Amino acid sequence: MSEKFSESDRYKVRDLGLAAQGRMKIDWAESRMPVLMKLRKEHSEKQSLKGMRIAGCLHVTKETAVLVETLAAAGAEISWSGCNPLSTNDEVAAALAEAGISIYAWHGMNTEEFYWCIDKTLEMKPTLTLDDGADLIFSVHNRHPELAGTIIGGTEETTTGVHRLRAMARDGALKYPVIAVNDAETKWDFDNVFGTGQSSLDGILRATSVLLAGKNFVTAGFGHCGKGCAMRAAGMGSNVIVTEVKPTAALKAILNGFEVMKMDDAARVGDVFITATGMKDVIRGRHFEVMKDGAIVCNTGHYDCEINLVDLEEMATSKRLIRDNCEEYTMSDGRRIYVLAQGRLVNLAAAEGHPSEVMDMSFANQFLSMVRLASEGRDLEVTVHDIPEEQDQRIAGIKLETIGAGLDVLTDEQVAYLDDYAAGT
Ligand code: ADE
């Protein structure tokens, strides 16, 4: 890949010449994100984020661009980086840079460049941080602790990030309040389930073009993301097998009609494997040892540690990139195993991430959390906070309005009935 970039003090992107294509992608996303666009109108009038400096570290996609431009329209100064080396859309990054946003992001960066980009965004001395995977917050805490004092608060988008931040809060290591955007019902029950389900299958199909009907599709993990993948693979006619460590999750998978087995057994029969666990080494050497010739392996969890590729590299005799985002590893006995997107998020690396319609609600939560931190953040306890129930209902309400679905309203009598402990059979 050519190492030519477009750069200035304010940005570093692959090629500013891609901006026009990126702008069309952003226009497309805007037309499918009515909740965020409504909030943009309201808060650009109020200038609710005036005076705020927001550093963000989140996948640079067309949907993220709609969020970034909504934050900017509400008066914030922004500096942005991507949160995964393979998830940046270079066209979108170019369009944001052209529009005057400070952005440091390009597709295919290495780990050193990844942290360089984060550090560049921190030069603005943010008052708010916005994360997906918590790498920005960790960078503040571990490498730039002097910045924490002026940061009012932050938000976190993913299950994995929220889990680690709660661990930091328990240990007293967290230095400023964080809002767990992931834990909003209008986020996890839509983005994690329907977004991950559709976009992960989209990534698998773009990278392989295989027929899913009749295949044994192994989903590691039956949390919200794993459930989404399982549901959608079943809808395509796959025979879905779930692996789990949590008894209740395994039972839910069975009652949803899926087979549950250990990975040691699933590894022998699976045709397509996807990890959605947040755990490392879910698929490792002993599983590769018994996989069928032609097995396809990918990950949709935040970090690229779920598939142990070091084991596979050691076991394979050769490797070649056979299609975009699809590497063929040949084992000493001639079996071929295909790894998609280098074990990174297949939905963002090989496809375009979740559809705009679900990101609309996730990013409405991000936006309203930024507004809340700007106004109340200084009074919030330094811990991980949930999204208020009213915010969830408000976002769902606007979404329903834009879909045009009618909603019943309880009568006063019905409301009273709910609390009426004198009423029985
Ligand atoms: N995470 C998953 N899908 C995404 C998208 N389309 N944009 C930003 N973050 C995402």
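All ligand and atom numbering here is 1-based and tracks the order in the structure. Keep in mind it's a predicted model, so treat the numbers as computed, not measured.
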request  = Give the residue and atom name of whichever protein heavy atom lies nearest to atom 7 (N) of ligand 1, and the separation in Å to one decimal.
outcome  = T61 OG1, 2.7 Å
Residue G353 vicinity, atoms of ligand 1 by number, heavy atom under 4.0 Å = 3 (N), 6 (N)
message = Is it true that D264 and H287 share a donor-acceptor pair across their side chains at a distance under 3.5 Å?
response = yes
message = Closer than 4.0 angstrom, basic N to acidic O: yes or no for K280 and E306?
response = no
query = What atoms in ligand 1 come closer than 4.0 Å to a heavy atom of E63?
reply = 5 (C), 6 (N), 7 (N)
key: D132 side, atom CG; H59 side, atom NE2 - distance, nearest 0.5 Å   = 4.0 Å
ask   = Under 3.5 Å, is there a donor-acceptor pair linking the side chains of Y104 and E7?
value = no
request  = Number the atoms of ligand 1 from 1 as they appear, then name those within less than 4.0 Å of a heavy atom of F363, with their elements.
outcome  = 8 (C)
query = Can you check whether H354 has an N/O within less than 3.5 Å of an N/O in ligand 1?
reply = yes
task = Check each heavy atom of D191 against ligand 1 and say whether those closer than 4.0 Å belong to the side chain, the backbone, both or neither.
result = neither
ask   = Distance only, no hydrogens: is a donor on one side chain within 3.5 Å (strictly under) of an acceptor on the other, for N182 and K187?
value = yes
key: Polar side chain donor-acceptor pair, D119 to S139, under 3.5 angstrom   = no
key: Test item, E352 contacting ligand 1 (heavy atom, 4.0 angstrom)   = yes
ask   = Any N or O on H59 sitting closer than 3.5 Å to an N or O of ligand 1?
value = no
task = Do me a favour and list the nearest non-hydrogen protein atom to atom 10 (C) of ligand 1 with residue, atom name and distance?
result = M359 CE, 3.6 Å
key: Nitrogen or oxygen atoms of D132 and ligand 1 under 3.5 Å apart   = no
remark   = Between the CE atom in M315 and the CG atom in D311, the distance rounded to the nearest 0.5 Å is 7.0 Å
key: Side-chain H-bond candidate by donor/acceptor type, N89 with T61, under 3.5 Å   = no
Minimum-distance protein heavy atom relative to atom 8 (C) of ligand 1 = T64 OG1, 3.2 Å
